[in-house]
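All remarks here apply to the structure that follows.
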Protein chains: 2
Amino acid sequence: MNDYMMLLKTVGLKATLQRIGMLEVIAGTGHISIDDIYAKIHQMWPTLSLATIYKNILIMVEKGVLREVPLMGAKSKYELMQSDHIHLICQKCSSIEDKMIDDLLKEHLAVIAQHDLLILKQSHINLYGLCKNCQ
Amino acid sequence: MNDYMMLLKTVGLKATLQRIGMLEVIAGTGHISIDDIYAKIHQMWPTLSLATIYKNILIMVEKGVLREVPLMGAKSKYELMQSDHIHLICQKCSSIEDKMIDDLLKEHLAVIAQHDLLILKQSHINLYGLCKNCQ
DNA sequence: ATCCTTGCAAATGATTTGCAAGAGT
DNA sequence: ACTCTTGCAAATCATTTGCAAGGAT
């Protein structure tokens with residue numbers, strides 16, 4: 001029983017081959033759109049349907065297994081749920097790199113939220129620009 | 001000739017009544033989805049079509065008049081282009097409040113981008129949680 | 001054995017496009 | 001006058017749904 005099976009059971013979902021396959025593809029790329037998940041999976045597994053991917057993305061986001069990453073000018077990508085972090089997004093090649101949020105920044109954001117009496121649940125920080133390969 | 005007419009001409013777009021109306025609605029709410037723009041405008045102006053709104057959102061984003069605000073679990077909203085700022089987003093009532101990015105935070109983000117050799121163009125910071133009215 | 005999930009096809013919803021008529025410069 | 005933009009309808013693309021068959025617990 002691998003980690004993804006365990007993860008799925010923990011949140012009350014059946015550990016189907018389809019879901020495990022999706023999680024592996026998502027983990028393998030870091031961040032990926034629904035169409036790209038489908039393209040990747042469809043190659044080796046032609047019967048897995050797009051509708052199944054949609055249904056599972058929805059339920060796994062709801063259960064907190066995945067997190068949606070909404071993006072400017074593109075369809076959302078999805079990533080495994082993990083602690084808040086920064087996305088460095090290239091506007092040319094669409095690559096996304098992750099970066100930890102350091103304690104100072106975390107504290108800074110907490111103060112901002114607190115000042116507005118917002119009970120903070122998630123911070124999404126996206127820095128858009130040109131990555132080193134695209135400059 | 002009002003400010004929006006001037007703004008549109010500056011970027012090379014004709015200042016039509018439809019575009020000026022859209023900009024007024026967007027400015028009036030701060031952040032608004034395409035459907036809500038349509039709902040608002042359609043009341044007082046029943047012939048303005050949804051297709052026109054789509055076309056104009058697209059071109060005004062392209063020209064840098066508007067900025068897309070992509071959101072978790074919802075369709076994007078749009079705002080007038082302005083310097084980067086923080087969005088405090090309520091996950092219950094979907095309200096969005098703006099907050100300035102102070103110099104310290106700005107510097108902090110610049111260092112992070114620089115460290116990864118990203119040429120930074122835009123910072124999107126979204127803090128999700130519960131606003132004071134919804135707690 | 002039971003209930004959840006899949007895969008297909010159909011339904012719905014969102015966005016884009018083509019084009020003739022109208023508005024802005 | 002010229003060109004860009006609008007509004008409608010149709011086309012396309014994205015997402016969701018219903019349901020019978022198969023799979024996980």
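Below, chain A is the first sequence line, B the second, and so on; all start at residue 1.
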Fill in: Distance in angstrom units between A/Y38 OH and C/dT6 P, rounded
15 Å
Discussion item. Contact between B/L50 and B/I34 at the side-chain level, heavy atoms closer than 4.5 Å - yes or no?
Written reply: yes
Worksheet item: Can you tell me how far CG of A/L118 sits from CD1 of A/I112, rounded to the nearest 0.5 angstrom?
Response: 11.0 Å
Worksheet item: Is the shortest side-chain N/O distance from B/S49 to OP1 or OP2 of D/dC8 below 4.0 Å?
Response: no
Fill in: Integer-rounded Å distance: C/dT5 P and A/L48 CG
14 Å
Worksheet item: Rounded to whole angstrom units, what separation is found between the CD1 atom of A/I53 and the P atom of C/dG7?
Response: 9 Å
Worksheet entry | Sugar-phosphate or base contact per nucleotide [nucleotides 15-20 of chain D; S, B, -; heavy atom under 4.0 Å] | SBBB--
Response to the item:
In terms of heavy-atom contacts, A/I20 and A/A15 come closest through CD1-O, 4.1 Å
Fill in: Distance in angstrom units between B/L13 CG and D/dC4 P, rounded
11 Å
Worksheet item: Do the rings of B/H31 and B/H85 sit parallel, tilted or perpendicular, given the 30° and 60° boundaries?
Response: tilted
Worksheet item: In whole angstroms, how far is the P atom of C/dC4 from the CG atom of A/N56?
Response: 15 Å
Item to complete: Mind telling me whether B/H42 and B/Y38 have parallel, tilted or perpendicular rings, with 30° and 60° as the class edges?
Response: tilted
Worksheet entry | Pair A/S76-A/E68, side chain to side chain donor-acceptor pair (under 3.5 Å): steps then yes or no | CA-CA 6 Å; A/S76 291; A/E68 180 186 357; 2.7 Å; yes
Discussion item. Applying a 4.0 Å non-hydrogen cut-off, can you work out what A/T52 is touching in the nucleic acid: base, sugar-phosphate, or nothing?
Written reply: base
Worksheet entry | Distance in angstrom units between A/I37 CD1 and D/dA14 P, rounded | 15 Å
Discussion item. Without decimals, in angstroms, what is the distance between A/N2 CG and D/dA24 C1'?
Written reply: 15 Å
Discussion item. Is it the case that over 12 heavy atoms from other parts of the model lie below 6.0 angstrom from the CE atom of B/M81?
Written reply: yes
Worksheet entry | Distance, rounded to the nearest Å, where B/H42 contributes NE2 and D/dC8 contributes P | 8 Å
Fill in: Nucleic acid contacts - residues 14-30 of chain A versus DNA chain D, non-hydrogen atoms under 4.0 Å
A/K14, A/A15
Worksheet item: Once the angle between the rings of A/H108 and B/H108 is folded into 0 to 90°, is it parallel (under 30°), tilted (30 to 60°) or perpendicular (over 60°)?
Response: perpendicular
Worksheet item: Taking all non-hydrogen atoms of both residues, which atom of A/Y128 and which atom of A/M72 are closest, and how far apart?
Response: OH-N, 3.0 Å
